[in-house]
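Heads up, the thing below is written out as structure tokens.
Only heavy atoms go into these numbers, but all of them, side chains included; no hydrogens, no water, no symmetry mates. Here the structure is a predicted model, which means the values were calculated and not measured.
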Amino acid sequence: PPRPTKPLQRHGILRERLGDVLTDAFRAHVLRLLGHRVDVTEWIGGEHTPRNTMIKAVRTNQRANRDLWAEYDALCEDWEVTPRLAEMLAPELEEARAEAMAYENGGDA
């Protein structure tokens with residue numbers, strides 16, 4: 001993990017919340033890479049449940065650009081993880097990355 005996060009990981013409750021936020025950030029990013037418009041919102045009030053994030057995704061088929069792929073790659077590298085969702089959708093992600101790179105290189109993919 002990035003060095004500045006050490007204080008965030010020192011205490012169990014902070015480490016747990018950081019894990020929740022990172023997991024949701026990875027999920028939302030993977031969905032964007034696969035052509036979804038993504039909204040991350042509060043599902044129900046925090047007084048009812050500590051995990052109250054809703055990720056709403058609508059398929060738009062909009063191709064992710066290089067910058068979005070670079071953000072994802074940096075996030076994975078910085079945290080030294082491959083999200084489980086990315087593992088499960090590996091063929092789709094590989095195809096989406098190839099199409100994005102071909103398109104930005106002037107291809108017709």
> Closest heavy-atom contact between P83 and C76?
Replying inline: CD-SG, 3.9 Å
> Where is the tightest heavy-atom contact between V40 and A28, given as atom of each residue plus distance?
Replying inline: CG2-CB, 3.9 Å
Side chain to side chain, [X] and [Y], heavy atoms closer than 4.5 Å:
X   : Y    : answer
L34 : V30  : yes
E95 : E99  : yes
L85 : F26  : no
W69 : M101 : yes

[X] with [Y], same ILVMFWY side-chain cluster at under 4.5 Å:
X   : Y   : result
Y72 : L22 : yes
V81 : L18 : yes
L89 : L75 : yes

If I take atom [atom1] from residue [X] and atom [atom2] from residue [Y], how far apart are they, to the nearest 0.5 angstrom?
X   : Y   : atom1 : atom2 : answer
N65 : R63 : CG    : CZ    : 10.5 Å
D24 : I55 : CG    : CD1   : 4.5 Å
Q62 : R32 : CD    : CZ    : 11.0 Å

Does any N or O in the side chain of [X] come within less than 3.5 Å of the main-chain N or O of [Y], such that one atom is a donor and the other an acceptor?
X   : Y   : result
H36 : L31 : yes
T60 : G35 : yes
R10 : R15 : no
H29 : L68 : yes

> Is it true that R97 and D73 have a side-chain N and a carboxylate O under 4.0 angstrom from each other?
Replying inline: yes
> Any salt bridge between R17 and D20, counting N to O under 4.0 Å?
Replying inline: no
>> Is there a side chain to side chain donor-acceptor pair (under 3.5 Å) between N61 and R59? Walk through the geometry before answering.
In response: CA-CA 6 Å; N61 292 322; R59 181 107 177 143; 2.8 Å; yes
>> Surrounding CD of E87 (heavy atoms of other residues, nucleotides or ligands, distance under 6.0 Å), is the total greater than 12?
In response: yes
>> Around atom CE of M88, are there more than 12 heavy atoms from other residues, nucleotides or ligands closer than 6.0 Å?
In response: no
